[in-house]
Amino acid sequence: MGCRVDSEQLRQFVHSHESALLRYAYLVAGSSSEAEDLVQSALTKLLTARARIDSPLAYARKTIFHEVCAAHRRRSRMSMLETKDSTEFETEIATHQWMWSELKKLQPRQRAALVLRYYEGLSDDEIAVALGCRRSTVRSLVARGLKRLKSGMSQPIGSTVAIDNKKLRTDSQ
Amino acid sequence: MNTEEVLRETLHAAAAHAPTQLVRPPSTAAPRARSRVGFAVAVSTAVTLVAASVVAQAVFDTDEVDGSSVDPASTDTAARLVGMGRAAIEVPDGWQVNHTWCGVPQSNTIIIDPNGSLACQVPRPVGVADIVVDDLNSPTAATWRSVASEPTEVMGEDALTGTANSPLPGYVATVLVVPDLDVIAVGTAPSGESIKEELTAISRIPDTQAVVPMVIGETWLRATERLESLGFTVDIADGDEPRDDQLVRDVSPGPWSILPVGSTVTLATAGFESAN
């Protein structure tokens with residue numbers, strides 16, 4: 001039995017999916033520098049494990065997800081909430097800004113499930129593979145993540161926008 | 001605009017801020033982290049590995065079992081499921097199962113059915129976290145259950161959670177009780193580290209599946225009864241001629257594996273003495 005993914009296929013995979021994996025890692029981790037580290041780490045592991053895997057993309061997604069979880073566990077909750085790219089979204093509309101900050105507060109499992117569903121457009125089965133869990137777990141993660149986002153959207157967006165705008169005006173003075 | 005639409009738009013807007021390319025060696029930019037150097041080398045050598053693929057193939061082939069696909073979940077970089085009773089527990093990246101010495105964790109580990117003796121005075125390595133998973137009638141539950149008083153939800157199951165100082169100096173215990181699964185999980189981690197992610201990775205095993213119990217050390221008769229009561233078919237290891245009172249030396253698939261009901265579990269007794 002030969003290697004499931006040979007070196008040429010791996011090279012093509014990197015070229016084809018590098019940007020997509022970086023976007024996925026960025027959306028799950030919430031930081032550009034972390035995304036780069038995550039993808040590099042995932043591809044390194046893919047390189048060494050390529051003989052044993054059939055789907056490099058699923059493997060890479062799963063590795064990125066577990067690295068995010070491991071990093072999350074190592075850090076305190078508060079330090080996780082510190083955004084390394086706090087200036088990146090200053091030019092976006094306030095609703096997206098609010099949603100992005102709320103996404104960063106979700107647990108990595110919920111965030112990854114939402115990213116895979118609403119950005120990657122994956123099915124429950126595909127998300128289950130990417131997260132290494134069952135389909136029912138995926139549905140639960142998505143539902144709980146959305147519920148939390150909805151509970152925040154029902155009231156504070158307006159006030160948050162007002163506060164943010166006021167802060168921006170203050171900062172600019 | 002509803003939440004899903006806002007979320008979808010936000011994710012697509014945010015993705016525009018994601019990096020588009022990894023840092024390439026050697027001179028485009030200084031690597032910002034050691035791991036980046038590692039991948040830079042890895043990618044640049046990937047092409048040259050083609051030439052070495054014959055050698056590599058021989059090495060990689062030794063890792064394959066019966067030519068079957070190995071899911072990422074079974075590698076050292078991903079999670080895998082282990083079970084206890086009706087609860088499925090995801091073992092996190094890099095964590096072992098029951099890696100203890102005289103009951104004391106020696107690395108980040110999930111401890112299922114704890115039965116180790118603490119009398120050995122084995123030291124616990126610095127910074128090691130562990131999660132003890134046990135049933136609600138156990139000594140673990142008797143010690144920790146009262147800590148869990150805050151209602152929560154775990155994978156769709158009602159649960160209770162709470163935190164307390166661990167008897168270990170510098171460690172905090174996080175307790176999760178899932179009554180419907182008859183399971184308690186106690187995570188002990190160094191102060192400042194969150195272990196909640198691991199504790200919430202508990203879900204219900206469907207009725208079509210069952211967990212291989214720890215039957216090593218039990219008599220053949222008792223082990224067979226337990227396995228058959230769970231819906232497994234018991235097979236005898238090659239060369240074995242077990243007696244009812246002979247002790248089980250090994251079980252395959254191993255304890256805490258989650259298998260479809262009706263699966264065959266093989267017991268080995270050769271080399272072990274009888275119970276009496």
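Reminder, nothing fancy here: chain letters follow the sequence lines and each chain counts from 1. All figures in this text were calculated on a predicted structure; none of them were measured in a lab. Side-chain atoms are counted along with the backbone in the values below, which use heavy atoms only and exclude waters and symmetry mates.
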So what's closer than 4.5 Å to chain B heavy atoms on Leu103(A): side chain, backbone, both or neither?
-> side chain

Of all of Leu27(A), Leu146(A), Val115(A), which one pairs up most often with chain B through heavy atoms under 4.5 Å apart?
-> Leu27(A)

Arg8(B) meets the salt bridge (charged side-chain N to carboxylate O under 4.0 Å, His left out) criterion, sequence neighbours left out, with none

Between Met99(A) and Leu7(B), which heavy-atom pair has the shortest distance, and what is it?
-> CE-N, 3.8 Å

Is it true that Glu90(B) and Arg109(A) make a salt bridge, defined as a side-chain N closer than 4.0 Å to a carboxylate O?
-> yes

Near Asp125(A) CG, under 6.0 Å, is it more than 12 heavy atoms from other residues, nucleotides or ligands?
-> yes

Once you round to the nearest 0.5 Å, how far does CG of Leu11(B) lie from OH of Tyr26(A)?
-> 11.0 Å

CD/Glu5(B) to OH/Tyr118(A) distance, rounded to the nearest 0.5 angstrom?
-> 10.5 Å

Sequence neighbours excluded and cut-off under 3.5 Å, please list the side-chain donor-acceptor pairs for residues 130-143 of chain A, or say none.
residue, atom, partner, partner atom, Å
Arg134(A), NH1, Arg204(B), O, 3.1
Arg134(A), NH2, Ser203(B), OG, 3.0
Arg134(A), NH2, Arg204(B), O, 2.4

